[in-house]
Protein chains: 2
Amino acid sequence: MRIGELAKRAGTTTRTLRYYESRGLLTVARDAHGHRTFGEDDLRVLRQIRTLRENGFELEETRPFVECLRAGHPAGDSCPDSLEVYRRKLAELDACMAELRSVRDEVAGRLARAEVEAAAGSPHGPEPRCELSPPGPSPDTPQGRQGAEGP
Amino acid sequence: MRIGELAKRAGTTTRTLRYYESRGLLTVARDAHGHRTFGEDDLRVLRQIRTLRENGFELEETRPFVECLRAGHPAGDSCPDSLEVYRRKLAELDACMAELRSVRDEVAGRLARAEVEAAAGSPHGPEPRCELSPPGPSPDTPQGRQGAEGP
DNA sequence: TGTTGCGTTGACGTCAGCGTCAACCCATAG
DNA sequence: CTATGGGTTGACGCTGACGTCAACGCAACA
């Protein structure tokens, strides 16, 4: 199997595969023409990586799973290092959710107070300029899974 | 007040202030030497920006608050545009938390299953020996089992 | 007179994970 | 012969919010 077919089968692109190779996540053999050749095991590795990436794992965090598979284990998470990544990720997710909750409460509080002020000041205060623009082309791209973090 | 003092008072750096100016968030006067000069109102604007940034607002999202302050309002969130940003942010936070929760459950499930497998296999001592195809033209890889793949 | 310390502008570096050319090679089909 | 459709490498772009120089000007202090 060559890189185009593998990319299609894994639902990704050739650019991505070459990038993974450059990161050392894929070890690639070449044929007589210098073309990369892959086997079914590479597809498994790739699927493992994609699954993790879709769950918000960074590329580097997939390395233990890849090495676990390459060591001949039936699944990428059959090894202690992979489990450790799972646990770290869980803790990370919990921390992130806690922070998001606190920020959410903070923002909700500010909004509530500001709305009260606005209601109190509205009859006499500054006139509301423009109401919010109608729900036009605002493509809400759900990309951020752990985005609202600082340093 | 010059840029160094303002940066210190706002707990940030001169680079940051110049960056904000380049984004049009700070309108800056110059003295005879070409040095930027700031007043207390600039400090207020800056504090508003920093507070929002610390709560995960993007720089561009702080613009309505800045303009609100510059329009002479007592607080940055005294204007409808600012409130709308608050509301959008709340929705965004809620969506993000929901996604994090689902990912968290997914990962927790995988960890639990993998730990069960590990506990079952550990007493017997799993021997991973078979390796995947190393660099070389042999795409034929006899592999006995397949691991559990998620949805 | 030098040194320190503040200011200025401009430009490149950083982090992740690729997308998007460009310029080329190679094989097969019409 | 050429068009098409693979493959190869290399290099730049993109997103955000700055950090980190470089090379300079200007003022005060000893």
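So you know, we letter chains A, B, ... as the sequences are listed, proteins then strands, and number each from 1. Just so we're clear, the structure is a prediction, and the values are computed from it rather than from any experiment.
Between B:R88 and B:E84 no salt bridge is recorded (no basic side-chain N to carboxylate O distance below 4.0 Å).
Summarising the geometry, the separation between CD on A:E61 and P on C:dC15 is reported as 16 Å, rounded to the nearest angstrom. Here the P atom of nucleotide D:dG16 and the CG atom of B:L25 are 14 Å apart, to the nearest Å. Here D:dG7 presents its P atom at 10 Å from CZ of A:R36, a figure rounded to the nearest Å. The distance between atom CZ of A:R18 and atom P of C:dG17, rounded to the nearest whole Å, is 19 Å. Between the CG atom of A:L17 and the P atom of C:dG17 there is a distance of 15 Å, rounded to whole Å. Residue B:R23 contributes atom CZ, which lies 12 Å from atom C1' of D:dT15 at whole-angstrom precision. Look at CG on B:D31: it is 11 Å from C1' on D:dC26, rounded to the nearest Å. Between B:R2 atom CZ and D:dA27 atom C1' there is a gap of 9 Å when expressed in whole angstrom units.
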*Could you run through nucleotides 17-23 of chain D and give me one letter per nucleotide, 5' to 3': B if any protein heavy atom sits under 4.0 Å from the base, S if only the sugar-phosphate is that close, - if neither?*
BBBB---

_Test side-chain contact (heavy atoms from CB on, under 4.5 Å) applied to B:L59 and B:R23, step by step_ = CA-CA 9 Å; B:L59 199 49; B:R23 303 282 95 188; 4.2 Å; yes

*Working for salt bridge (charged side-chain N to carboxylate O under 4.0 Å, His left out), residues A:E60 and A:R63*: CA-CA 6 Å; A:E60 206 45 49; A:R63 197 176 293 275; 2.4 Å; yes

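A:L52 contributes atom CG, which lies 9.5 Å from atom NZ of A:K89 (distance to the nearest 0.5 angstrom). B:D42 contributes atom CG, which lies 10.0 Å from atom CD of B:E21 (distance to the nearest 0.5 angstrom).
When distances run from any side-chain atom of A:H33 to the nucleotides D:dG7, C:dC26, C:dG7, the shortest one goes to C:dC26.
Across A:T14, A:V28, A:L26, a single residue satisfies side-chain contact (heavy atoms from CB on, under 4.5 Å) together with A:I3, and that is A:T14.
Along DNA chain C, the nucleotide nearest to A:H35 and the one nearest to B:R30 differ in position, and the one closer to the 5' end is contacted by B:R30.
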